[in-house]
2 protein chains.
Amino acid sequence: MSAPSIRHTYSIKEAAALTGLPASTLRYYESIGVITPIRRGASSKHRVYTEEDLDLLTWVSCLSATGMSVADMRRYLANGELGAAAASDQIALLKAQEEQLAAEAKAIALRKRYVGLKIAYWQAVQDGDGAGAERLSDEARTLADDLKKTRKQ
Amino acid sequence: MSAPSIRHTYSIKEAAALTGLPASTLRYYESIGVITPIRRGASSKHRVYTEEDLDLLTWVSCLSATGMSVADMRRYLANGELGAAAASDQIALLKAQEEQLAAEAKAIALRKRYVGLKIAYWQAVQDGDGAGAERLSDEARTLADDLKKTRKQ
DNA sequence: ATAGGAACTTCAAGTACTTGAAGACAAGCG
DNA sequence: CGCTTGTCTTCAAGTACTTGAAGTTCCTAT
């Protein structure tokens, strides 16, 4: 039999450092059932995180980073425990996530263009280039019009 | 005399798209006094945003993206520090915002890749391709490390 | 053995939005 | 003209943490 002589465990602070989630958030996720209750110390009430717990929390951290809601995370992780049986559910959830990220990327590109235009505008003002400033102001308005057309979606 | 014959105005939705702040947040900021009340339409009660309003909101968006609390934003704007800022200051702030947007775009591209990988993983599981699933799982783990770095900063 | 301090605990309240319900207003169509 | 569609309005409630208070527990050092 394999002897787990070095069964590494972690305090909440260590778990927080390793997952990138604040300790308060770890407790919060546990309280609302995103993760199952963490085992406690024999003599204390302190949470004791195993490496398995850490793996799961890394997953949660990733889902959180993609902007998934806690409700969806809870569902996703519940399905994860079922394995391949729920693969189609996982794919559907992830595809929705992919679409959301694409929309976000689009919005950010628009903002980048707008801010870039504003920088050019103030640089023209600084250089005393009134004509350039006005031209850039017009461009900003054009951007607004483009936005209006693209408003379809 | 300069005739402001074409005084361009914007609906809340257009303002939201141009500033990157949701319409609900625009209303929220107005309700708690971060920005002064927006003029309303003559016949309707709808908010009508001028280009001046848009400029101000772009600044608010910058401050918000930089992590300033609403309380601090209110104080900052009430002190008129924004209006008094020189062109060079405005450019500096906008460039910081531009960098932030670039970083966000990068992070989103990374997350998109991560989610795409996860979709491929579950599709491999669904197809009974154990070897492929394992390979994709490893790839995802490597990407997760990158993701974590982006999140921290 | 015990005193001090860091780190942990729960729970309540705060923060910064976000969402949903219910209704008003304006344009386009039969 | 009325009807549908769409965007707007307010306000209340919800979300996802975050912070703070008050009370344990762990560790280290005297």
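The sequence lines fix the lettering, A, B, ..., with proteins before strands; numbering per chain opens at 1.
Residue B:Ala15 comes nearest to B:Leu54 through the heavy atom pair CB-CD2, 4.1 Å, listed as atom of the first residue, atom of the second, then distance. Heavy-atom minimum distance, B:Glu98 versus A:Ile119: OE1-CD1, 3.5 Å.
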Worksheet item: What is the per-nucleotide protein-contact pattern of nucleotides 18-23 of chain D, from the 5' end, where B denotes a base atom under 4.0 Å from a protein heavy atom, S denotes such proximity for sugar-phosphate atoms only, and - denotes neither?
Response: SB----

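If you measure from atom CG of B:Leu26 to atom P of C:dC17, you get 11 Å, rounded to the nearest angstrom. In this structure, A:Leu21 atom CG and D:dA16 atom P are separated by 14 Å, rounded to whole Å. Between the CD atom of A:Glu30 and the P atom of C:dC11 there is a distance of 12 Å, rounded to whole Å. Taking atom NE2 of residue A:His46 and atom P of nucleotide D:dC27, one finds them 9 Å apart after rounding to whole Å. We find that CG of A:Asp72 is positioned 14 Å from C1' of D:dA16, with the value rounded to whole Å. Atom CD of A:Glu14 is separated from atom C1' of D:dC26 by 13 Å (rounded to the nearest Å). When the C1' atom of D:dT7 is taken as reference, atom OH of B:Tyr49 falls 14 Å away, rounded to whole Å. Remark: P of C:dA7 and CZ of A:Arg47 are 17 Å apart, rounded to the nearest angstrom.
Contact annotation: A:Lys45 side-chain N/O to D:dT24 OP1/OP2 distance is not under 4.0 Å. Within the 4.0 Å cut-off from OP1 or OP2 of C:dA16, not a single side-chain nitrogen or oxygen of B:Arg74 is found. Between B:Tyr29 and the phosphate of C:dC17, there is a side-chain N or O to OP1/OP2 separation shorter than 4.0 Å. Side-chain N/O atoms of B:Ser11 include one lying less than 4.0 angstrom from OP1 or OP2 on D:dC8. Remark: B:Arg27 is not in phosphate contact with D:dT7, judged by side-chain N or O atoms under 4.0 Å from OP1 or OP2.
A salt bridge is defined here as a Lys NZ or Arg NE, NH1 or NH2 lying under 4.0 Å from an Asp or Glu carboxylate O, and B:Asp72 with B:Arg75 meets this definition.
Annotation for B:Glu134: atom CD does not count as buried by contact number, only 12 or fewer foreign heavy atoms lying within 6.0 Å.
Partners of A:Trp122 by ring pair (Phe, Tyr, Trp, His ring centres under 6.0 Å), not counting sequence neighbours: none found.
Both B:Ser44 and B:Ala71 lie close to DNA chain C; mapped to their nearest nucleotides by heavy-atom distance, the more 5′-ward contact belongs to B:Ala71. Nucleotides of DNA chain D nearest to B:Arg40 and A:Ile32 differ in position, and the one nearer the 5' end is that of B:Arg40.
Using a 3.5 Å distance cut-off with no hydrogens or angles, the side chains of B:Asp53 and B:Thr50 do pair a donor with an acceptor.
A:Leu57 and A:Val48 are not part of a single hydrophobic cluster, where members link through side-chain heavy atoms under 4.5 Å apart.
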